[in-house]
Amino acid sequence: MPIRLLSSEVASQIAAGEVVERPASVVKELLENALDAGAKNVTISIADAGRTLVEVADDGVGIPSNELELAVSRHATSKLAQSEDLFHIMTLGFRGEALASIGSVSRMTITSRVKSAEEGARLHIEGGKASRLEKVGAPIGTVVRVEDLFYNVPARLKFLKSDVTERRIIDSLVTRYALAYPNVRFKLVEGKQVSLQTAGDGDRRAILAALYGVDVAKQMLEVIAEEEGKALTGFISPTSLTRSNRREITFFINGRWVQDSALNTALLQAYHTLLMVGRYPLSALFLTIPPEEVDVNVHPTKAEVRFRSQDKVFSFVQRSTRKALLAYTPIPSVSPQLWGPRPAPMERREVGIDWSIAHDDRQFSVESDQLPGTSNESEVTSDKSLSVDSQLVTRRPETFSPVPLLRLIGQIGATYLVAEGPDGLYLIDQHAAHERVLFEKLMAQHNAKQIPSQALLNPAIVTLPPQSSKMLLSQLPFLNRFGFEVEEFGSNTFQVRAMPVLFTGGEAEAALRALVEDFEEDETPLQTEVEARLAARVCKRLAVKAGQVLSNEEQRALLTDLEACQSPRTCPHGRPTMIHLSVDMLERQFGRRGAR
Ligand code: ADP
Ligand code: MG
């Protein structure tokens, strides 16, 4: 093909690809325009999770009729005049691209009126082509109505996620902006349903409750710090409140929501040694720095930024958040036991001798009569399970097992079981082992399509943030198949009425929260591997913890159950359940080998 200039339609569709990825991108751009226009009230209406409609109405300064056509053309902006301005940006927008981009991939109608004008004007753009300007009566401010997003680029529609997910992204975006601009009244509606409405009275904690639920909002710690022209305000979670991913770490810089790995790291460092491995804090932090200290023009959606002196910003954020954290955390400098028992992460295993992790590839094929100390065997194989349902224990195949039969010696540190096997000593991590046991039992029942469930004497009542509630509501039938009976119990509140028999005695609330966390991680929790992951997560929450003293019976039952597992040597998340110290190794360590 010969080289030719792209038509302006194609060029703007390409440009739109950078800015407009999904309905939430439209919401973001329009919201930012409304905020830049000094709006005090912003109403966002969506239909079909934004696919067929996103409308943002504001009471900002408006666009003069004679500039309306310009506003929707590319590289047209009122926020920037010369290139130097790029380094003192005080507005959210400046690229002059959003309206043009959105207009090229949707049917967009923009109506606006400025204070000094008697009437407003309206322009309709379809696939990038503008209609004639119409004079209309309109209140002061701007309404941008975006219908049928991607109607002319159907390929892009295929990249959208489920309605539940798209809606969740919009919800979380609007809520975060509401949090950043507590003096603006935000309203988000879909049909008749209002998903968010803020008072605009500057009360951030109330908005925090809309984002995370009242319980969590109450616990969040406030950060207020100032230094050399920089200020940091907002909220961070106490060490007792964590998530399994970084998704709830939110940073705004000069009123702009950014994803910046350096800022994330600064925050995580503030929590250093205070959180378990793999747990992350929640944050809604608002950083204000002189505009010339930050370059926002490095990313099409302006989600990433560059700092002039990153080290200073980093250290300011790290110090201020650490200070806030310690101010609220009782006796922070003493040992980590304060924050509850922590499972010893395997990476930190430091032992002088060469302990081998017991997932070696040798398969043991041990008949019970080969077992040393056979007199104990009846105890070892006693049929008591840690849970009530002894009849559900899958028996170990008689002649072959991937772990040898073990003779229990006892428990140490309320965390590990010590056992003797045919070839030396085994240390078993009780939590990891129990996780494995629960997991295999649950999956076996699930595959047999019968997870017996048991009604709870005291149904647990759990309140969730609105976004999580919506997610959970859509998954109730699925939970049912997993043996959980959960019902809606008022707004954003659920009642857990029954749990799988396997988990009898476990905390229903912890289980439900584990499930919700899992749904949030993946919006299609219907495939087998996802079900397994979900099961693994619940088992993790409900397995016995490190630090929990187990009776002899319970210790034995755990060993027996572990022996019966298909993959007893790792927990469902892949960490080892046991460490093996072979006779051979013991002999070498004690210098017996050479002596013989
Ligand atoms: P940018 O925000 O980067 O300037 P946009 O394409 O989003 O580019 O908007 C182009 C121009 O249209 C803005 O510079 C502003 O002057 C005007 N405009 C857009 N939306 C609004 C609004 N809601 N209220 C007032 N003016 C607006
Ligand atoms: Mg803009």
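One-based numbering, in listed order, for ligands and for the atoms of each.
Counting protein heavy atoms only, atom 3 (O) of ligand 1 is closest to G96 N, 2.7 Å. Scanning the protein heavy atoms around atom 6 (O) of ligand 1, the nearest turns out to be L99 N, 2.9 Å. The shortest contact between atom 22 (C) of ligand 1 and any protein heavy atom is with T142 OG1, 3.6 Å. If you check which protein heavy atom lies closest to atom 2 (O) of ligand 1, you get K79 NZ, 2.7 Å.
Ring-centre distance between Y271 and Y280: not below the 6.0 Å cut-off.
A 6.0 Å sphere centred on CZ of R205 holds more than 12 heavy atoms belonging to other residues, nucleotides or ligands. Around NZ of K312, the count of heavy atoms belonging to other residues, nucleotides or ligands within 6.0 Å does not exceed 12. Few gaps surround CD on E119; more than 12 heavy atoms of other groups in view lie less than 6.0 Å from it.
Taking a cut-off of under 4.0 Å to the non-hydrogen atoms of D58, the atoms of ligand 1 that pass are 22 (C), 23 (N). Short contacts between ligand 1 and T77, defined as distances under 4.0 Å to a heavy atom of the residue, involve ligand atoms 1 (P), 4 (O), 14 (O). Interface atoms of ligand 1 facing F94, defined by a heavy-atom separation under 4.0 Å, are 1 (P), 3 (O). Near G93, with a cut-off below 4.0 Å to any heavy atom, the atoms of ligand 1 are 2 (O), 3 (O). Residue contact check: E97 has heavy atoms under 4.0 Å from atoms 6 (O), 8 (O) of ligand 1. Every atom of ligand 1 is numbered from 1 in the order shown, and the set under 4.0 Å from a heavy atom of A37 is 24 (N), 25 (C). Every atom of ligand 1 is numbered from 1 in the order shown, and the set under 4.0 Å from a heavy atom of A71 is 10 (C), 12 (O). Residue contact check: R95 has heavy atoms under 4.0 Å from atoms 3 (O) of ligand 1.
Within the 4.5 Å cutoff, the side chain of S237 has no heavy atoms near those of the E248 side chain.
Under the 4.0 angstrom criterion for non-hydrogen atoms, G60 is not in contact with ligand 1.
S172 and R176 share a donor-acceptor pair across their side chains, judged by distance under 3.5 Å alone. With no hydrogens or angles considered, a side-chain donor-acceptor pair links R122 and T111 at under 3.5 Å.
Each of T288, V313, I289, L287 was compared with L232 under the side chain to side chain contact (heavy atoms under 4.5 Å, CB included) criterion, and only L287 meets it. Exactly one of T463, N492, T493 qualifies for a side-chain hydrogen bond (donor to acceptor under 3.5 Å, both in side chains) with S469. That residue is N492.
With sequence neighbours excluded, no residue forms a side-chain hydrogen bond (donor to acceptor under 3.5 Å, both in side chains) with K192.
Only protein N, O or S atoms were scored, and 1 of them lie under 2.8 Å from the Mg ion (ligand 2).
The heavy atom nearest to atom 15 (C) of ligand 1, considering only G103, A98, S78, is found in S78. Among D36, N33, I63, V114, the residue whose heavy atom lies closest to atom 26 (N) of ligand 1 is I63.
The aromatic rings of W257 and Y177 stand perpendicular to each other, their planes meeting at an angle above 60°, with 30° marking the opposite boundary.
With respect to E227 and R319, a salt bridge is recorded, a charged nitrogen being found less than 4.0 Å from a carboxylate O. At a threshold of 4.0 Å, the pair E292-R308 does not count as salt-bridged, since none of the basic side-chain nitrogens sits closer than that to a carboxylate oxygen. Using a cutoff of 4.0 Å between basic side-chain nitrogens and carboxylate oxygens, E166 and K161 are not scored as salt-bridged.
Proximity of A76 to ligand 1, defined as any heavy-atom pair under 4.0 Å, is confined to the backbone N, CA, C and O atoms.
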